[in-house]
2 protein chains.
Amino acid sequence: MSDGSSGEGAKGAAPSRRKDARRNKEALLDAAAAVFVTSGVDAPVRDIAAAAGVGVGTIYRHFPTRADLIIAVYRHQVDACAEAGPALLAGGATPHAALGEWVALFVDFLVTKHGLAAVLHSDEAGFDALHAYFLDRLVPVCGQLLEAARAAGEIRSDIDAYALMRGIGNLCIGAESDPRYDARRLVELLIAGLRSPRHPLTGR
Amino acid sequence: MSDGSSGEGAKGAAPSRRKDARRNKEALLDAAAAVFVTSGVDAPVRDIAAAAGVGVGTIYRHFPTRADLIIAVYRHQVDACAEAGPALLAGGATPHAALGEWVALFVDFLVTKHGLAAVLHSDEAGFDALHAYFLDRLVPVCGQLLEAARAAGEIRSDIDAYALMRGIGNLCIGAESDPRYDARRLVELLIAGLRSPRHPLTGR
DNA sequence: GCCAAAGCGGAACGTCGTTCCGTATGGTTC
DNA sequence: GAACCATACGGAACGACGTTCCGCTTTGGC
């Protein structure tokens, strides 16, 4: 958000920085990914620094906030998920089915990232960027699927993508550490509850 | 769990302890309730101690774990919620409607307790007791409602009370601090998704 | 080889949960 | 009323953590 993220997207060019700086950033990314797997996304900063063989200062220089680090680690996967949305909509059977499949994709992603879902909802300062990134990237996709299903008359119309995404994220919390809790199943139920524009709960 | 919680349930008799000890415990309970409202259930221990006018050591003596304090503060409300279950089942229209009303009651309780839902799912050590208390108290009630609805043929049968309660709890996380997120609505959808034993998502 | 700028490591600081122990207090006994 | 001791109290002390800051090292252009 704040720093110069203008270029960066192209081939392999990020020549503005010194070589060792780029190398350290890379090492940090790799180390963080590894540590996240074993200790969860809220692993101590020092652990990540140690795993990368750098000092803690170096982490904060490259990733001012933990959220920035998490985003950097998972950016590719989130983007892939976002891009899968339209594809599913085009190739799938009904919009509602496509929505279900896409959501399952997202849930699979979240559930396999130890603690990500938990941190994703956290309103602690500093995680705003993480929040925003996921939301910016995924809510529009979800909205598109929702809109298509709505247009097809498959779902009730009074639910918005933002709330739904947050709900799905919340349902994934703790899923990785409790075998009795099946987040996938509950999300399925939630999506199923979206169906049928007849009457909600109150029979009016 | 550990200390002598044997009596305590009766009138006002808990004479085994010293007078000041009882007074402090009471002050702590009141202070905690007040602080929880303003700063959430994960307010710093020192704040609670200060609000009660005692030292931190006193908190830990009376409530070895933060979970114990939280349980003590909300015990009455949780119990009331648990007891409302059978009443709703007896008085309500259909079992599924009763389930919906009961769940709404629980959601209302959770949503108004700043941060409770968040801490309720947390698998950090020390919160096991809190977890266990809520689950022990509410899962059986939920199971009873679920069973009744199942017997009436109103819901699909392959969801268990534990997972459902955890899902509802999760959906309530962050509801108090985000006006765009309507936990009540999502829980309604989830309950609605329970309905109709026809076919889940896959059409088989 | 020289030098500024860029980058680095890790010590230092503040916050928090938790433990521990010297001291104060309540209740009991004479 | 005084003395005694178990009970309970307060808060200092400790360790883990996030975050900041600064003296030193490395890099890359000259």
Side-chain angles (χ1 to χ4, degrees), chain A residues 2-4 13-29 31-32 35-36 38-70 115 118-119 122-130, chain B residues 2-4 13-32 35-36 38-71 115 118-119 122-130:
Chain A
S2 54
D3 69 338
S16 55
R17 301 257 173 76
R18 248 167 56 174
K19 186 172 49 178
D20 57 343
R22 263 175 290 147
R23 178 162 35 82
N24 273 333
K25 188 166 186 172
E26 215 53 45
L28 235 12
L29 240 25
V35 172
F36 285 174
T38 61
S39 307
V41 295
D42 43 7
V45 181
R46 285 166 173 81
D47 288 3
I48 302 171
V54 305
V56 286
T58 302
I59 286 200
Y60 284 97
R61 195 164 319 100
H62 289 293
F63 306 99
T65 228
R66 178 192 292 275
D68 296 315
L69 180 55
I70 298 177
V119 104
S122 160
D123 52 356
E124 291 169 58
F127 286 108
D128 310 334
L130 182 63
Chain B
S2 53
D3 67 340
S16 53
R17 301 258 171 76
R18 248 166 56 171
K19 187 172 47 176
D20 57 344
R22 262 175 290 146
R23 177 164 35 82
N24 274 332
K25 188 166 186 171
E26 214 53 45
L28 234 15
L29 241 25
D30 290 349
V35 172
F36 285 174
T38 61
S39 308
V41 295
D42 44 7
V45 180
R46 284 165 173 81
D47 288 3
I48 301 171
V54 305
V56 287
T58 304
I59 287 199
Y60 284 96
R61 194 163 320 100
H62 289 293
F63 307 100
T65 229
R66 178 190 293 273
D68 296 316
L69 179 55
I70 299 177
I71 292 174
V119 104
S122 159
D123 52 356
E124 293 169 57
F127 285 108
D128 310 334
L130 182 63

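Within every chain, numbering begins at 1; the chains are lettered A, B, ... in the order of the sequence lines, protein sequences first and strands thereafter. The shown structure was predicted, so the numbers you read here are calculated from the model rather than taken from an experiment.
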Any idea which heavy atoms bring [X] and [Y] closest together, and the distance?
{"X": "His62(B)", "Y": "Leu28(B)", "answer": "CD2-CD2, 4.1 Å"}
{"X": "Val35(A)", "Y": "Ala43(A)", "answer": "CG1-CB, 3.5 Å"}
{"X": "Ala129(B)", "Y": "Ile71(B)", "answer": "O-CD1, 3.5 Å"}
{"X": "Arg17(B)", "Y": "Ala21(B)", "answer": "CB-CB, 4.4 Å"}
{"X": "Val45(B)", "Y": "Arg66(B)", "answer": "CG2-NH2, 3.7 Å"}
{"X": "Ile48(A)", "Y": "Ala31(A)", "answer": "O-CB, 4.0 Å"}

To the nearest Å, how far apart are [X] [atom1] and [N] [atom2]?
{"X": "Lys25(B)", "N": "dC9(D)", "atom1": "NZ", "atom2": "C1'", "answer": "16 Å"}
{"X": "Asp68(A)", "N": "dG18(D)", "atom1": "CG", "atom2": "P", "answer": "15 Å"}
{"X": "Arg46(B)", "N": "dC14(D)", "atom1": "CZ", "atom2": "P", "answer": "14 Å"}
{"X": "Tyr60(A)", "N": "dC22(D)", "atom1": "OH", "atom2": "C1'", "answer": "17 Å"}
{"X": "Ile59(B)", "N": "dA8(D)", "atom1": "CD1", "atom2": "C1'", "answer": "15 Å"}
{"X": "Glu124(B)", "N": "dA16(D)", "atom1": "CD", "atom2": "P", "answer": "16 Å"}
{"X": "His62(B)", "N": "dT7(D)", "atom1": "NE2", "atom2": "P", "answer": "14 Å"}
{"X": "Arg61(A)", "N": "dG23(D)", "atom1": "CZ", "atom2": "C1'", "answer": "13 Å"}

- With side-chain contact (heavy atoms from CB on, under 4.5 Å) as the test, would you mind laying out the steps for Phe63(A) and Ile70(A) before giving the verdict? CA-CA 9 Å; Phe63(A) 306 99; Ile70(A) 298 177; over 6 Å; no

Q: Just jot down the side-chain hydrogen bond (donor to acceptor under 3.5 Å, both in side chains) partners of Ser122(B), sequence neighbours excluded, or say none.
A: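 side-chain hydrogen bond (donor to acceptor under 3.5 Å, both in side chains) check on Ser122(B) returns Glu124(B).
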
Check: In chain order, what residues pass the side-chain hydrogen bond (donor to acceptor under 3.5 Å, both in side chains) check against Asp47(A), with sequence neighbours excluded?
Finding: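 Result, side-chain hydrogen bond (donor to acceptor under 3.5 Å, both in side chains) vs Asp47(A): none returned.
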
**Asked** What about Arg66(A): does its side chain form a donor-acceptor pair under 3.5 Å with the base of dG18(D)?
**Response**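 Such a pair does not exist between side chain and base.
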
Notebook entry, point to check: So, is Asn24(B) near the phosphate of dC9(D), with a side-chain N or O under 4.0 Å from OP1 or OP2?
Noted result: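 For dC9(D), OP1 or OP2 has a side-chain N or O of Asn24(B) closer than 4.0 Å.
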
Q. Which nucleotide of DNA chain C is the first, and which the last, in the 5' to 3' direction, to come under 4.0 Å of a heavy atom belonging to chain B?
A.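 Nucleotide range with atoms under 4.0 Å of chain B: dC16(C) to dG27(C).
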
- To 10°, what angle do the rotation axes through the five end pairs on each side of the helix from dG1(C)-dC30(D) to dC30(C)-dG1(D) form?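 Computed angle between terminal axes is 10°.
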
Pick out the pairs of N or O atoms, protein on one side and nucleotides 28-30 of chain D on the other, that lie under 3.5 Å.
| from | atom 1 | to | atom 2 | distance (Å) |
| --- | --- | --- | --- | --- |
| dG28(D) | OP1 | Lys19(A) | N | 3.3 |

Report task. Using the side-chain contact (heavy atoms from CB on, under 4.5 Å) rule, take Leu29(B) and Leu69(B) through it: C-alpha gap first, then chi angles, then the decisive distance, then the call. Result -> CA-CA 7 Å; Leu29(B) 241 25; Leu69(B) 179 55; 4.0 Å; yes

* To do: Using the salt bridge (charged side-chain N to carboxylate O under 4.0 Å, His left out) rule, pick out the option among Arg22(B), Arg23(B), Arg18(B) that qualifies with Asp20(B).
  =>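 It is Arg18(B), the one option of Arg22(B), Arg23(B), Arg18(B) that forms the salt bridge (charged side-chain N to carboxylate O under 4.0 Å, His left out) with Asp20(B).
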
Open item on the list: Give the residues of residues 50-58 of chain A touching DNA chain C, defined as any heavy atom closer than 4.0 Å, sorted by residue number.
Closed with: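 Contacts with DNA chain C under 4.0 Å: Gly53(A), Val54(A), Gly55(A), Val56(A), Gly57(A), Thr58(A).
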
